[in-house]
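Taking it in order: structure first as structure tokens, then the write-up.
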Amino acid sequence: MNIRNFSIIAHIDAGKSTLADRLLELTGTVSTRQMKEQLLDSNPIERERGITIKLAPVTMKYKDPSGSYILNLIDTPGHVDFNYEVERALQACEAAILLIDATKGVQAQTIANLRLAKKQNLKVIPAINKIDSPLSNVSASTKQLQSLLGDDYIEPTLISAKTGENVDKLLEVVIKLCPPPETSTSDNPLKALVFNSIYHPHLGAIAFVRLFQGSINKNIPLKFLSSNIKFTPAEFGTFTPGRTPQDTLTSGDVGYIVTGFKDIRLIKVGDTITLNQKEAIQSLPGYREIKPNVYQDIFPTDNSKYHDLLDALEKLKLNDSSLTTEPTSSLVLGQGVKVGFLGLLHAEVVTERLEREFDVPVIGISPTVEYRADLKTGETVSFSSASTFPDPSKVKTTLEPFATVQIITPEEYLGAVMNLAQNIRGQLLEMTYLDKLVQLNYSIPLIEVITSLHDQLKSVSSGFASLDYQLSGWQPAKLVKLSVLLNHDEFEPFSLICIESEAQAKAKNLSKKLKEAIPRQQFEVPIQVALGGKIIARETVRSFRKDVTAKLYGGDATRRKKLLEKQKKGKKRMKQFGSVQLPQEAFLATLK
Ligand code: GTP
């Protein structure tokens, strides 16, 4: 069969989306004129930030002297927050192009994604990208690749996704090395793996599928094997890259099925679709369930928008099954939602979308992880915010989540990286050399991984070190709650959970950060941080001295209008608490 199903895997920013663009051009799927940069990144935030969040499949046709081919490419995200999307994509493929950035060499996600590809028994096709860049070091990248792939090493194709150099060669290699899907007779009952789902405002829920046997024809009723939900598709087809309806889809194809469901939750990603009349006996191996790593309580800046916030989150959940929500409330911030995210980038993207697409500006309080406590009664409880910290007199042991972290760094930054890991309570598990790179395995508290490791690692290694992590379990840790008092009243949203030995330093840092972030008010605002009723740090925000509105007078009218506009915008982001006004930045101060 002349079908090739493959994916591109790499570390973030290695150039996957750029390569996908070149492949679309080369195969004439999209003309150069129609090509907007990074076509498969369709979400505006993805495009703006140059990151891929959702996987995107596309079907391309290609002819070469050996024949005509149908190439199904599934573009995948590179950031660790969205790793589960890669896992899903790979199950729909027979091969993966392993793309390495020649200016950076092998990076943490290169290894993590390679591991995923091997677990699925995919053919790995290495390529080294950015050879046009003066910063590229092809021989170092090749050596690292050699030690990484060991016996599976094959010579990488050297390409520039930017200029298009050798991209045609890479395509030839894919056609040669990517195994075609296993052929099966059309008598076999249909088995289609649902690897993604999206919600379309007019068509309803759409399933992205890869057929492993059998076929789909018009007007034939189908059903989901595990949930037994039946439906007759309103439309099915392939992505080229927009939806293109087809009369039939057969084994090996990648495409979509419009289910007609108004509720996307009826599509369980990982389920198998089969025929209603002649069902497949065994379903395809599904997916592991993904759980959020980080929780954040978010509140609308305008309390009357609470229901809009709920609606907006429900809409976002339609296309993002990894988001979890649960109502929460706070004495000072009112009604809000505790949202579970995959990581901080995910949290940032979602809050940005709430504001931009749904016009619901929110205040997010310091992100936390899922802590646990063994109580004296023998019961174990979970809590993920300082406000739900269990009564210390009832607690036997508190536990905090840890992650296994893989860091890859060039040798010259090894000392700095190890120092950093030690400072955030990391325990070194393993260290291996990969040519001039070092791979370090650490056990580090998840909260540190999420809130500080990423940025600090980038800064101590000038951007050269990279990381990947997985939750490894809960370990005993002496946790305490730090409470913040503003103007002598407890201000619960600023409270945080930390380990006892760091409480003093954290309290000092927190009060300092809050002092910087809280603007001067009409009166003095004392900031106090307390541990178990005892004040352990304090700062004061002094009152105004001069009239800030003075600069509104005089000057020309447009300038005045601009200033007023600016003030209005600023106001929107400020929230009044009792007598104190706080900007969103104050809430972020508790983060670092
Ligand atoms: P994620 O989707 O976020 O995982 O990133 P990606 O791997 O898709 O990377 P993307 O295609 O967005 O490229 C990242 C950056 O590298 C962009 O600024 C590209 O312009 C640049 N880039 C990609 N390929 C090349 C290349 O061959 N040469 C040079 N010099 N730059 C490249």
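Excluded from the calculations below are hydrogen atoms, water molecules and symmetry mates; all remaining heavy atoms, backbone and side chain alike, are included. Counting starts at 1 for both ligands and their atoms, following the listed order.
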Using a 3.5 Å cut-off on N or O atoms only, is Ala14 in polar contact with ligand 1? yes
Ring centroid separation Tyr295 to Phe341 under 6.0 Å: no
Ignoring hydrogens and geometry beyond distance, is a side-chain donor-acceptor pair present between Thr29 and Thr27 at under 3.5 Å? yes
When Asp13, Thr103, Asp101 are each screened for side-chain hydrogen bond (donor to acceptor under 3.5 Å, both in side chains) with Lys130, the one that passes is Asp101
Using a 4.0 Å cutoff against the non-hydrogen atoms of Ser17, which atoms of ligand 1 qualify? 2 (O), 6 (P), 8 (O), 11 (O)
So for ligand 1, is Thr163 a polar contact partner (N or O within less than 3.5 Å, distance only)? no
Does the ring centre of Phe208 sit less than 6.0 Å away from the ring centre of Phe239? yes
Assess whether side chain to side chain donor-acceptor pair (under 3.5 Å) is satisfied between Tyr469 and Ser472, documenting all intermediate values. CA-CA 9 Å; Tyr469 68 90; Ser472 58; over 6 Å; no
Partners of Arg243 by salt bridge (Lys or Arg N to Asp or Glu O under 4.0 Å), sequence neighbours excluded? Glu235
Among the heavy atoms of Ala10, does any lie under 4.0 Å from an atom of ligand 1? no
May I ask you to say whether Glu172 pairs ionically with Lys169, meaning some side-chain N is under 4.0 Å from a carboxylate O? no
May I ask you to identify, for Asn129, whether its side chain, its backbone, both or neither come under 4.0 Å of ligand 1 on a heavy-atom basis? side chain
Heavy-atom proximity to atom 6 (P) of ligand 1, picking from Lys162, Lys16, His11, Glu165, points to Lys16
Heavy-atom distances under 4.0 Å are what count here, so tell me which part of Asp132 touches ligand 1: side chain, backbone, both or neither. side chain
With only distance considered, is Ile159 within less than 3.5 Å of ligand 1 through an N or O on each side? no
Which of the atoms of ligand 1 are close to Gly15, meaning less than 4.0 Å from one of its heavy atoms? 6 (P), 7 (O), 9 (O), 10 (P), 11 (O), 13 (O), 23 (C)
